[in-house]
Amino acid sequence: MESKAKLFGHPIHPMLIVFPLGLLAVAVIFDIIALATGNHFWATMAYYLIGAGVLGGLAAAVFGFVDFLAIPQNTRAKTIGLMHGTINLVVVLLFIGSWYMRRQVPATPSNLALALGFIGLGLALIASWLGGELVDRLGVGVDDGAHLNAPSSLSGRPVHEQDINVPPSNRPSQVQ
């Protein structure tokens, strides 16, 4: 099932999710460093990373929702997509809570603010696995007819064509 929200021929949602995932994961790592070293600089940096990660997560969610709406009803993909989106919504809410609790004194987050981030990261890992299941196992967001020698998405040629730059010996055989 091809993605409905694309940029230059590629799905937008997977392009965007790397940013919030990375920012929120590094925020948790910085919180751990702050706890281990007592250096409050790291907790302050985590506060700003959480803010950026939440904004990035909300942007990625818009395009993920567009793709979710295109998944046919009564399919495993629709069920997995609903779980993926719901868990990610909970992740964003947990990090919003953590960010909000830190806003007065970002350098010294409470134990609850830290716990919300740690739980959020754990749930993000589960949601990421579900996202991988959607793409790798269920083919959501993958061009119909995609293959190893498909032409570039920028070429304007259909995906089912062979790339003319691939030697014939490396082209897949056409079994019908």
Side-chain angles (χ1 to χ4, degrees), residues 1-71 75-142 153:
M1 185 206 101
E2 288 190 46
S3 174
K4 299 302 177 200
K6 292 185 173 186
L7 179 65
F8 301 120
H10 292 286
I12 297 172
H13 178 68
M15 284 188 227
L16 293 181
I17 54 102
V18 296
F19 297 108
L21 279 176
L23 291 165
L24 296 174
V26 172
V28 170
I29 291 168
F30 282 7
D31 278 337
I32 292 169
I33 293 171
L35 288 170
T37 64
N39 185 338
H40 299 293
F41 165 81
W42 298 105
T44 302
M45 291 306 300
Y47 170 78
Y48 291 108
L49 290 174
I50 290 169
V54 165
L55 292 175
L58 294 173
V62 170
F63 297 101
F65 186 66
V66 168
D67 287 341
F68 171 75
L69 292 176
I71 298 173
T75 60
R76 181 167 177 264
K78 193 71 162 189
T79 301
I80 299 295
L82 181 61
M83 291 177 9
H84 170 74
T86 302
I87 293 170
N88 275 320
L89 176 61
V90 170
V91 168
V92 169
L93 291 173
L94 288 169
F95 276 102
I96 287 172
S98 179
W99 180 87
Y100 184 79
M101 294 172 78
R102 298 165 183 249
R103 76 188 191 298
Q104 297 296 332
V105 187
T108 55
S110 68
N111 288 338
L112 180 57
L114 293 169
L116 292 177
F118 297 159
I119 294 166
L121 183 60
L123 289 175
L125 293 172
I126 295 167
S128 296
W129 184 88
L130 290 168
E133 184 79 354
L134 284 167
V135 174
D136 294 336
R137 193 72 173 176
L138 300 171
V140 173
V142 177
S153 59

Colleague: Got a second to check how far Met101's CE is from Asn111's CG, nearest 0.5 Å?
Modeller: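 The distance works out to 9.5 Å.
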Colleague: Taking atom CD1 of Ile50 and atom CE of Met45, what is their separation to the nearest 0.5 Å?
Modeller: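 Going from the CD1 atom of Ile50 to the CE atom of Met45 covers 11.5 Å.
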Colleague: Can you tell me how far CG of Leu93 sits from OH of Tyr100, rounded to the nearest 0.5 angstrom?
Modeller: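 The CG atom of Leu93 is 14.5 Å from OH of Tyr100, to the nearest 0.5 Å.
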Colleague: Test Leu58 against Val54 for side-chain contact (heavy atoms from CB on, under 4.5 Å), laying out the working first.
Modeller: CA-CA 6 Å; Leu58 294 173; Val54 165; 4.2 Å; yes
Colleague: Any chance you could measure Leu112, atom CG, to Leu116, atom CG, to the nearest 0.5 Å?
Modeller: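 Here the rounded value is 4.5 Å.
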Colleague: Please report the closest heavy-atom contact between Val135 and Val142, naming both atoms and the distance.
Modeller: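 Here Val135 and Val142 meet closest at O-CG2, 4.0 Å.
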Colleague: Which heavy-atom pair separates Pro106 from Arg103 by the least distance, and what is that distance?
Modeller: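 The answer is CD-O, 3.8 Å.
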Colleague: Do the side chain of Thr75 and the main chain of Ile71 share a donor and acceptor less than 3.5 angstrom apart?
Modeller: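 Side chain of Thr75 to backbone of Ile71: no pair is present.
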Colleague: Let me confirm one number: the CG-NZ distance from Leu134 to Lys78, rounded to the nearest 0.5 Å.
Modeller: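 Here the interatomic distance stands at 11.0 Å.
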Colleague: List in chain and number order the residues that pass side-chain contact (heavy atoms from CB on, under 4.5 Å) with Lys4, two or more places apart in sequence or in another chain; answer none if no residue qualifies.
Modeller: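 In terms of side-chain contact (heavy atoms from CB on, under 4.5 Å), with neighbours along the sequence ignored, Lys4 is linked to Val66, Asp67, Ala70.
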Colleague: Tell me, please, which residues at least two apart from Ala115 pass side-chain contact (heavy atoms from CB on, under 4.5 Å).
Modeller: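 Result, side-chain contact (heavy atoms from CB on, under 4.5 Å) vs Ala115: none returned.
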Colleague: Other residues, nucleotides and ligands only: do more than 12 of their heavy atoms fall within 6.0 Å of CZ on Phe118?
Modeller: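 Yes, enclosed.
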Colleague: Which pair of heavy atoms, one from Val91 and one from Ala124, lies closest together, and at what distance?
Modeller: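 Looks like CG2-N, 3.5 Å.
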Colleague: Take Arg76 and Glu133 through the test side-chain contact (heavy atoms from CB on, under 4.5 Å) and record every step on the way to the result.
Modeller: CA-CA 10 Å; Arg76 181 167 177 264; Glu133 184 79 354; 2.7 Å; yes
Colleague: For residues 8-36, which side-chain donor-acceptor pairs fall under 3.5 Å, sequence neighbours excluded?
Modeller:
residue, atom, partner, partner atom, Å
His10, NE2, Ser153, OG, 3.1
His13, ND1, Ala60, O, 2.8
His13, ND1, Gly64, N, 3.4
Asp31, OD1, Arg102, NH1, 3.1
Asp31, OD2, Arg102, NH1, 3.4
Asp31, OD2, Arg102, NH2, 2.5

Colleague: Any chance you could measure Leu94, atom CG, to Ile87, atom CD1, to the nearest 0.5 Å?
Modeller: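 Rounded to the nearest 0.5 Å, the CG-CD1 separation comes out at 11.5 Å.
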Colleague: Can you run down the ring pair (Phe, Tyr, Trp, His ring centres under 6.0 Å) pairs that involve residues 44-65, sequence neighbours left out, and say none if there aren't any?
Modeller: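 Listed by first then second residue: Tyr47-Trp99.
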Colleague: Kindly say whether Ala113 contributes a backbone atom to a donor-acceptor pair with the side chain of Ser98 at under 3.5 angstrom?
Modeller: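 Looks like yes, one N/O pair under 3.5 Å.
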Colleague: Arg137: what forms a salt bridge (charged side-chain N to carboxylate O under 4.0 Å, His left out) with it, not counting sequence neighbours?
Modeller: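 Once residues adjacent in sequence are excluded, Arg137 has no partner under the salt bridge (charged side-chain N to carboxylate O under 4.0 Å, His left out) criterion.
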Colleague: Mind checking what makes side-chain contact (heavy atoms from CB on, under 4.5 Å) contact with Thr86, not counting sequence neighbours?
Modeller: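 Scan of Thr86 (side-chain contact (heavy atoms from CB on, under 4.5 Å), adjacent residues dropped) gives Leu82.
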